[in-house]
Every structure is written in C-alpha cells, then in structure tokens.
Amino acid sequence: MTIEEREREFQEKIDSGQKIEPKEWMPDEYRRQLIRMIGQHAHSEIVGMLPEGNWITRAPSLRRKAVLLAKVQDEAGHGLYLYSAAETLGIDRQTMINQLITGKAKYSSIFNYPTTSWADMGAIGWLVDGAAIVNQTMLARGSYGPYSRAMVRICKEESFHNRQGYEIIYQLANGSEAQKKMAQDSLNRWWGPSMQMLGPSDADSTNSAVTMNWKIKVESNDTVRQRFIDRTVPQAHAAGLTIPDPDLKYNEETEHWEIGEIDWDEFYKVIKGYGPCNAKRMKARNEAEEQGKWVREAAAAYANKKSKKQEKQVA
Ligand code: FAQ
C-alpha cells in the first residue's frame, strides 16, 4: 500500500467512527498530536495535585481532610493512567516527565494560580473539575482507543470531585457573612482562569483543525466552553453567588449564557511560564523528581533481581 492509500484508509476508519488501537498503522502527525495532548493532560493531573495538596494539613474537619486526600490521590492515579495511555504510542514515561521538568512540555494554565483560602478547594472541585469533566466527556468519544477509554473512568472520579467542590462552595456561600465573602472571593479569582483553561478561542486554536479532522477532539474549544458556562452559571446563582462578569447575560433566543471578553493576554502569559505560580510548580516537580530518585532506583533494582531469578528458574 502506498502512504496515500494508508492515509485514506485511516481517514475512512476515523470517519466511520471506528477506534484506532495502539498497534495499528497511524500517520506520524496523529501520533504526535496524541502524545502532545495526552502528555499535557497527564502533567496537568500531576501538577494539579499541588494547589490542593497545599490545604490537606489545614482542612477544617476530619471529613473534609479525608475527602481532599482521596481527591488528590485520584489525580495522581489519573496522571499514571494517562502516562500509560501515552506509552502505547511509543514514548516512555521518563521521557515525558523529563519534558515536564525541563519546561519543554505544557501543563494546564489553571494550576499556576495560588490557593489562598479554604474556599479555593471548593472552587477547584466545582470549576476546574467541572470544566475538565465537560471537556473529557467529549474526549471520551475521541478516536484513539486507550485515551478515550481512560476518559470514561477518569470522568466518573471527576464527577465526585466536582460534587464535593460544589458542596464546599454551597455551604460556605450559605454560611456566615465571612464564609460567604470567602466563597465569592474564590469565585472571583477562579472564574477567569477557568474560562481560559478550555483553550484559546476557535479562531486562535492552532491544533483544532488537525485534531478535529482525526476526531482526537470531537468538539471545538468554544463549544466545550459554552457548555461549561451554561452548566455553571445556574449553579452559581443557586448558591447565591455572582459570576464576576459585568457582561454576563442570558440570551433567550439561543438559550445560552453569554460572557464578556476572556483575558487572553493573561492566558498566553501564563502558558509561556509567567503566571503567579509557574516557577513554584516547576520547582516542586523538580524537587520531587530528585527526592524520589532513590525509590525509583530501589524499585528498578528489585525488578531486575526478580527477573534474573525467574530467568534462572526457566533455565
Ligand atoms: N493550558 O491549539 P489549541 C484537570 C496550548 S485536567 C496550557 O487550542 P488543543 C483535572 C495548547 O497546548 C486539565 N496550555 O490546543 C484536575 C497549544 O500549545 P502547543 C487538563 C494550553 O490541544 C482537576 C496552544 O495552547 N486537561 O483539570 C491550554 O487543541 C483538578 C494552542 O491551543 C487536558 O489536558 C491550557 N489551558 O486544545 C486535576 C485535556 N489550552 O501544544 C487536578 C486534554 C491550550 O501546540 C485538580 N487536552 N493550550 O504548544 C485538551 O483537551 C486540549 O489540549 C485543550 C486545548 C482543550 C486544553
């Protein structure tokens, strides 16, 4: 088969809704795009543990602490799951981690903001996991088998994260004046970055044409963002909170909530490494890599010893 014939057959498979599995032929660019996206996603889960990890020791009750611990642990699990999905494309985990800690690979812009109050644990679960779920339920319909299947399980856990976050925010918003203020302040700080988190507007999205053609993504950034907005605005109102956007309005005709300008200058600044916590996040991941070295070496030595013993037994 010529390369053109292979590409045509591949496209037909995608167009007919079939999944692509690891050992099947795929265009180099399809592989590259997937490694880029799954890698970024995995790194986001791992770096995403840091802002919430910051509050584990200061959770206001044992129940809140147990739930937060479980949530942060879930994010680690998602990261490992996603690194494994990327490994099916021929890249190994250490290479991806090296790309993260040297700043070559991106991770989500949203995790470069500080968590300055307990209400931020609510806002992250409600808004960040909320945006992640809306995006990931779309990605679960994507064309690459291992990634789409990983999304199904991850979304189930993210739904629990989302509810626990909304519960925190709702309780604070319906608590004392000080608690209500704390919830509103948190929404004020996280709303804008949550809008940005779903990627540049369709006109500026550099990868969407390619990734949507191959159904790596089946909906555009703006479509996903609108769904997230429509779902979240009524939740804010139900909690008695105000979305920090003077231009927010409901369009009766389209039945969608419309928002004002998103601060794209801020977004590009953050993804270029100049957000409030980029340096701190990179330092934390580099230190973790360094401090965990002996564990990895010990585990590798044990694995080597075990496989040598098995070889001897077989011989
Ligand atoms: N941050 O061409 P597009 C979570 C980059 S998981 C940083 O539109 P694309 C769970 C993009 O990479 C959150 N960079 O890109 C959790 C590209 O640069 P490149 C992560 C961003 O890929 C919750 C350039 O801008 N989820 O939260 C961002 O088609 C709580 C042009 O953009 C995923 O990664 C951004 N926000 O669409 C964990 C899901 N947006 O690579 C802990 C998988 C864009 O060409 C606690 N990823 N860029 O140099 C996706 O669905 C897509 O990658 C999008 C962006 C939709 C994020």
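Each ligand, and each atom within it, is numbered from 1 in the order the structure gives. Predicted, not measured: the structure shown is a model, and the values here were computed from it. Hydrogens, waters and symmetry mates are skipped; everything else that's a heavy atom, side chains included, is used.
The distance criterion of under 3.5 Å between nitrogen or oxygen atoms is met by N207 with respect to ligand 1. Considering backbone and side-chain N/O atoms, Y147 never comes within less than 3.5 Å of an N/O atom of ligand 1. Between T206 and ligand 1, a contact under 3.5 Å exists for at least one N or O pair. Between R36 and ligand 1, at least one N/O pair is under 3.5 Å apart. Here's the thing with Q136: none of its N/O atoms is less than 3.5 angstrom from an N/O atom of ligand 1.
Ligand 1 places these atoms under 4.0 Å from at least one heavy atom of M197: 13 (C), 27 (O), 36 (N). Of all atoms in ligand 1, listed by their number and element, those nearer than 4.0 Å to a heavy atom of Q40 are 12 (O), 41 (O). Of all the atoms in ligand 1, the ones that sit under 4.0 Å from a non-hydrogen atom of G48 are 42 (C), 46 (C). Per-residue contacts place A132 under 4.0 angstrom from the following atoms of ligand 1 (heavy atoms of the residue considered): 4 (C), 27 (O). Listed by number with element, the atoms of ligand 1 under 4.0 Å from a non-hydrogen atom of I271 are 1 (N), 7 (C), 14 (N), 25 (O). Near M37, with a cut-off below 4.0 Å to any heavy atom, the atoms of ligand 1 are 22 (O), 47 (N), 50 (C), 51 (O), 53 (O). Residue E45 has at least one heavy-atom neighbour below 4.0 Å for each of these atoms of ligand 1: 6 (S), 10 (C), 16 (C), 38 (C). Residue contact check: L139 has heavy atoms under 4.0 Å from atoms 39 (C), 43 (C), 51 (O) of ligand 1.
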Are Y83 and H43 close enough, and set up right, to give a ring-ring contact (aromatic ring centres under 6.0 Å, His included), and what steps lead you there? CA-CA 9 Å; Y83 284 128; H43 301 326; 5.5 Å; yes

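The protein non-hydrogen atom at the shortest distance from atom 18 (O) of ligand 1 is K106 NZ, 3.3 Å. In terms of protein heavy atoms, atom 21 (C) of ligand 1 is closest to F267 CZ, 3.8 Å. In terms of protein heavy atoms, atom 8 (O) of ligand 1 is closest to S205 OG, 2.7 Å. For atom 26 (N) of ligand 1, the closest non-hydrogen atom on the protein side is H41 CD2, 3.8 Å.
Residues D28 and R31 are not paired through a salt bridge, judged by the lack of any N-O separation under 4.0 Å between the basic side chain and the carboxylate. Contact check on E29 versus R32 returns a salt bridge, with a Lys/Arg side-chain nitrogen under 4.0 Å from an Asp/Glu carboxylate oxygen. For R8 and E12, the salt-bridge test fails: no basic side-chain N is under 4.0 Å from an acidic carboxylate O. Classification of E289 and R296 as a salt-bridged pair holds, one side-chain N sitting under 4.0 Å from a carboxylate O. Ion pairing between R189 and D185 holds under the 4.0 Å rule for side-chain N and carboxylate O. Contact check on R163 versus E158 returns no salt bridge, with no Lys/Arg side-chain nitrogen under 4.0 Å from an Asp/Glu carboxylate oxygen. Salt bridge annotation for K71-E157: absent, with no cationic side-chain nitrogen under 4.0 angstrom from a carboxylate oxygen.
Residue contacts with ligand 1: H78 is excluded, as none of its non-hydrogen atoms falls under 4.0 Å. Within the structure, the closest approach of M49 to ligand 1 does not fall below 4.0 Å when heavy atoms are considered. Residue contacts with ligand 1 leave out H161, since none of its heavy atoms falls under 4.0 Å from the ligand.
The heavy atom nearest to atom 29 (O) of ligand 1, out of those in Q196, H43, K217, K71, is found in K217. Closest to atom 23 (C) of ligand 1 by heavy atom, among D222, I154, D129, N135, is D129.
If you look at E158 next to ligand 1, the close heavy atoms, those under 4.0 Å, all belong to the side chain. Neither the backbone nor the side chain of Y268 has any atom closer than 4.0 Å to an atom of ligand 1 (non-hydrogen atoms only). Contacts of Y107 with ligand 1, taken as heavy-atom pairs under 4.0 Å, involve the backbone alone. At a heavy-atom cutoff of 4.0 Å, ligand 1 is contacted by the side chain of N221 but not by its backbone. Contacts with ligand 1 closer than 4.0 Å are made by backbone heavy atoms (N, CA, C, O) of L198 only, the side chain lying farther away.
The protein reaches atom 33 (C) of ligand 1 closely, with a heavy atom under 4.0 angstrom from it.
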